[in-house]
A.B. asks: 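One structure follows; several queries about it will come next.
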Amino acid sequence: MTTESNSLHASQLRCERGNRTLFTDLSFHISSGQLLQIEGANGSGKTTLLRSLCGLFEPSAGNIFWCQQPINADSMGYHTQLSYVGHLPGFKLDLSPLENLAFAQGMLGQQPHPPALMSALDNIGLYGFETTPCRALSAGQRRRVALARLLLTKTPLWILDEPYTALDRAGTDRLNALLVQHLQTGGLVILTSHQSVNLQAVTIQRLALQ
Amino acid sequence: MTTESNSLHASQLRCERGNRTLFTDLSFHISSGQLLQIEGANGSGKTTLLRSLCGLFEPSAGNIFWCQQPINADSMGYHTQLSYVGHLPGFKLDLSPLENLAFAQGMLGQQPHPPALMSALDNIGLYGFETTPCRALSAGQRRRVALARLLLTKTPLWILDEPYTALDRAGTDRLNALLVQHLQTGGLVILTSHQSVNLQAVTIQRLALQ
Amino acid sequence: MRHALFTLLKRDLLLAFRQPSELINPLIFFLIVVSLFPMGLKPETPFLPMMGAAVIWVAALLASMLSLDSMFRADMEDGSLEQILLSPWPLPLLALTKILAHWLISGIPLVVMAPLLGLMFNLPAEGISALVVTLLLGTPVLSLIGAIGVALTVSLRRGGVLLSLLVLPLYIPVLIFGAGSVWDASLGLSIRGPVLFMGAILVLALTLAPLAVAGALRISLE
Amino acid sequence: MRHALFTLLKRDLLLAFRQPSELINPLIFFLIVVSLFPMGLKPETPFLPMMGAAVIWVAALLASMLSLDSMFRADMEDGSLEQILLSPWPLPLLALTKILAHWLISGIPLVVMAPLLGLMFNLPAEGISALVVTLLLGTPVLSLIGAIGVALTVSLRRGGVLLSLLVLPLYIPVLIFGAGSVWDASLGLSIRGPVLFMGAILVLALTLAPLAVAGALRISLE
Amino acid sequence: MWVWFHKLGSPPYFYRLSSRLLPWLAVATLISFVVGTIWGLFYAPSDYQQADTSRIMYIHVPAAMFSMSIYMVIAAAGAVTLIWRIKLADLVAAASAPIGASYTFIALITGSLWGRTMWGDTYWEWTDPRLMSELILFFLYLGYMALNAAFEDRRRAARAAAVLALVGVVNIPIIHYSVEWWTSLHQGSTTRGMQFAATIYPSMRYPLYLMMLAFAFFYAQLMFKNTRCLLLESERNNSWVKEMVTQHDAA
Ligand code: HEM
Ligand SMILES: Nc1ncnc2c1ncn2[C@@H]1O[C@H](COP(=O)(O)OP(=O)(O)OP(=O)(O)O)[C@@H](O)[C@H]1O
Ligand SMILES: Nc1ncnc2c1ncn2[C@@H]1O[C@H](COP(=O)(O)OP(=O)(O)OP(=O)(O)O)[C@@H](O)[C@H]1O
Ligand SMILES: [Mg+2]
Ligand SMILES: [Mg+2]
């Protein structure tokens, strides 16, 4: 994890979906150690906002800066800094958690290190399911596979779309611990959640989409 | 809605998945007006249990009775009594909510009645999205489409797998109101949820899978 | 129940023809596939009309097989299949309805195009009518047999190649009788025998396939 | 970066060949598809060896096209494609890697089977070697062109038929040169010309297609 | 009968029974095969029309017949799997499939070699119904094995494959009667009842019977062996397997 300070800054974003304007003139700024929770009713544009922040969706107006640089100026560089966990699983159901994680790590250009992968999976609560095909996992176990990626890729910026979905209480606690640790080592987190998020010793910024 | 009393009774169920026994010797009994919440960690077998109760999964041992009749003795009759909302959407993303709902109703052999469908969709909070293809709906809006089915099909037994997923607060409240109304008119509900469920004037039975 | 089955049929057709352009796309697809083959030949080759019959029939087999996956896989992945299984009607009849939809979408266009394609290949008039008759009897069999294959493989990751391994061998008799009849008819022979035989295959498939499909779907959805 | 691309390639191959037995399934698939055509013919037909070349080439076109959907659609639907787009490497190279995987899965088996299939159709030795050479040059082009088509249609519901409309016309030149060369070679003519031409098409496709695919994917994922 | 059926379905019982049967089967296979081969190849008269190539018959006919019988065994076991959910039936089917596929392959190869001498300059006729239906049988075996291997969960694999096997049964009468229903290049049916005795010399008949026995014994032997392997694998967590292994280790 980097010790220097990172920041994400959005200025006057406007997003539209099929003739409807979801939000306009939306700005925020977060920096290392901060967590931003995006709130809003169903269909208010949370997912669209997160995807814009990743560079997957192009806002109709406004700019997004990572450490003062527009994110599309050096999108590959930006992608080394970013982990996104969306509504969709983001991994292959036909592979095992271990294979999926090795793939995720390999895609960052790192040599996968099986013991590290195994311990990441144990850590997230998938002990005993490391080599089961993900198709045979339950909803919450699949969610954990998606989250396990965060443990490995070691990027400063995490963008999480409803990460608590399908997790049981133990899973929620583990995720919370993970977030706290990430923030304390200088990470940034942006997440959406319909439940209230409570983290020890972390102040949570909230942004509500109308 | 039927006024006579219905009941669902499971006796000594055992379910296995790929050599692992998920639970064994599980029994419960619920009757009209009662809600059963199934709890358990991720992967403990909640979904498998619900699917067994629907007759989609065959338990390795035990029996399930609907009004004292084994459910597979007259499975078609049982299916007229049952609505299931699972992890998957259960409708076509290429069709609009209205078309999907009309299909769901038609499949019960009823003639769809568009104004009733429209008011069911409004009721669940999809006003203005009735004819948008579901592919262009947000996660929570899709969930609402799945739940709208419950409003129409008027079956006494509802089996809901994590129905609160992706719903915002307003959506949660609407679902709760729906559940209360259903129970008060003699319905039965079995649901799973990792959050605690609070319904006014309803006592909730809980069943924990270890 | 009639109403429910009809609703299911209507939905499947609606999905296929969501846009007007998709109505003619299957036709163009056949036209392209069938015309690929002569393009692979040099102009000086003696391309016999009867080979046209074989080409059209092979295109029918492939087209039917390629569109099979859409019969159950999409429904499986978005959970609609569960809901269909939970509807209060006999599963074999529901399966038969979906098979009918598949045939209307993938089989009928072929039958409609057949005379045109036959002319393209210079088939004699008797050959063309034999082509239409055998396609009319044979394409439903392809949909029926194919449905068994998809129902068995629908819960597997990419079933594509496995599906073709299961289904194509069972298609072979239809191909042999179908193309053979066109041949015989063009030579002025009677095709009563093979046509009756194809009718028998159709009846057999109509009675047995829905049962097998229903069983296979139950297993796949476990 | 090499490592990342290699990881992606390995994953795609792993998905295709999850079990050792799946390695031979594509081979059997070709064998069945190619042998369908002669089954549609009567024994007395003068089945010319050159028609074998056309049949093999058409099978290559169809096999390549049919397996296209699996190149991006599955990745799109489970969100893996998003993750690949978010990886810190140039998208055209990532796309090229996926195309390579597709070719290894769908093209190579055909090249491997070609001599056997050629023998089945009684092609002369020169014809068989021409077949192998042209398939080796032509099948990658099929994967490259096809990838553009899938990338454009991947966000649409059932892109199948639309895809074949986009892609098959672009396949035709490859078919004509490929099958034509086998023909010429069998007659003892030189095939330097068409082979060089096919090489040129390949180089062109290799440079342009990945860019087009990358652009199309970005649009599809919005 | 019913009791016996259930007893046979019990894994430990089957395991013990097969241990006792296997040595006998091995001996029976060996004797019938050796005697049948020597008799067939050296002592039986050669056909006046086909010369010594007719001796391919001693391989071709039994392999072809049992390729069909084994398929019927698989289908019957499939029906048992679907109706009574007896695990052992599925294992027997799974164990039989590769053997049946090999027999089919042998029948195809020996048949086409034989055909080369009988039908003139061709190994294979694309439109001959007997040949086509036997080829379809081969593909069915391959499909059966591929489907069986494709499921992670044994229980579902067994049932899915059983459905396929039952569907494929339609092909069996087609193979058998193809030579009567259609004009075929293939030899007419000779093995049924009185006809058989009339059309084939006893001196050719007896070695053929012996070879049939050899193929049957060989199948039974391989089938029992394969089934035992599959059984141990699928029952590895059960007490009787553990007991047996510990006993074996102690001995
Ligand atoms: C690839 C070519 C061939 C295949 C696939 C094939 C297949 C078969 C099959 C499946 C049977 C068992 C029929 C039954 O039990 O109902 C059989 C039996 C037999 N075959 Fe062939 N055969 C081939 C070539 C030949 C040839 C060339 C000859 C000799 C001229 C021949 C002679 C026989 C005889 C004598 C029988 C036993 C008679 C009977 O029960 O029908 N076969 N063959
Ligand atoms: N299709 C399948 N094939 C094989 N095993 C499966 C399959 N689906 C689930 N399992 C296994 O069965 C167990 C129970 O799964 P199930 O989906 O019932 O859990 P759950 O209680 O619903 O969990 P969650 O809270 O995560 O939804 C899990 O351990 C899972 O690995
Ligand atoms: N692919 C799409 N094409 C067109 N419109 C879309 C698409 N996806 C979403 N929309 C529309 O954009 C709006 C915002 O969707 P978005 O997914 O961003 O909402 P959200 O805030 O994440 O909601 P939820 O809480 O339900 O996940 C919705 O009204 C939806 O109808
Ligand atoms: Mg969202
Ligand atoms: Mg669950």
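Below, chain A is the first sequence line, B the second, and so on; all start at residue 1. Computed from a predicted structure; not experimentally measured.
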A.B. asks: Can you tell me how far CG of Leu86(C) sits from CE of Met76(B), rounded to the nearest 0.5 angstrom?
C.D. replies: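 Here the rounded value is 13.0 Å.
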A.B. asks: Taking Leu94(C), Thr7(C), Asp78(C), Leu5(C) one by one, which has the highest count of heavy-atom pairs under 4.5 Å against chain B?
C.D. replies: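 With the most close heavy-atom pairs to chain B, the winner is Asp78(C).
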A.B. asks: Who among Arg218(C), Glu82(C), Glu77(C) has the most heavy-atom pairs with chain B under 4.5 Å?
C.D. replies: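 Between Arg218(C), Glu82(C), Glu77(C), the count favours Glu82(C).
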A.B. asks: If you define the side chain from C-beta out and look only at heavy atoms, does anything of Pro112(B) sit under 4.5 Å from His3(C)?
C.D. replies: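 In contact.
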A.B. asks: Between His79(B), Arg149(B), Gln110(B), who has the most heavy-atom pairs with chain C when the cutoff is under 4.5 Å?
C.D. replies: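 Winner by heavy-atom pair count: His79(B).
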A.B. asks: For Gly109(B), does its backbone N or O pair with a side-chain atom of Trp89(C) as donor and acceptor, under 3.5 Å?
C.D. replies: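 Not a single qualifying donor-acceptor pair exists.
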A.B. asks: Does the side chain of Leu221(C) reach to within under 4.5 Å of the side chain of Phe57(B), using non-hydrogen atoms?
C.D. replies: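 The answer is no, as the side chains (C-beta and beyond) never meet within the 4.5 Å cut-off.
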A.B. asks: Quick check for you: to the nearest 0.5 Å, what is the distance between Ser87(C) atom OG and Leu82(B) atom CG?
C.D. replies: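 Rounded to the nearest 0.5 Å, the OG-CG separation comes to 11.0 Å.
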A.B. asks: Any Lys/Arg nitrogen of Arg51(B) or Glu222(C) sitting under 4.0 Å from an Asp/Glu carboxylate oxygen of the other?
C.D. replies: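 Salt bridge: no.
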A.B. asks: Give a yes or no answer on whether the side chain of Gln83(C) reaches the backbone of Tyr84(B) with a donor-acceptor pair at less than 3.5 Å.
C.D. replies: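 Present.
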A.B. asks: What distance do Leu15(C) atom CG and Phe103(B) atom CZ have between them, rounded to the nearest 0.5 Å?
C.D. replies: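 Reported to 0.5 Å precision, the distance equals 9.0 Å.
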A.B. asks: With side-chain contact (heavy atoms from CB on, under 4.5 Å) as the test, would you mind laying out the steps for Arg11(C) and Leu95(B) before giving the verdict?
C.D. replies: CA-CA 9 Å; Arg11(C) 187 203 66 160; Leu95(B) 300 180; 3.8 Å; yes
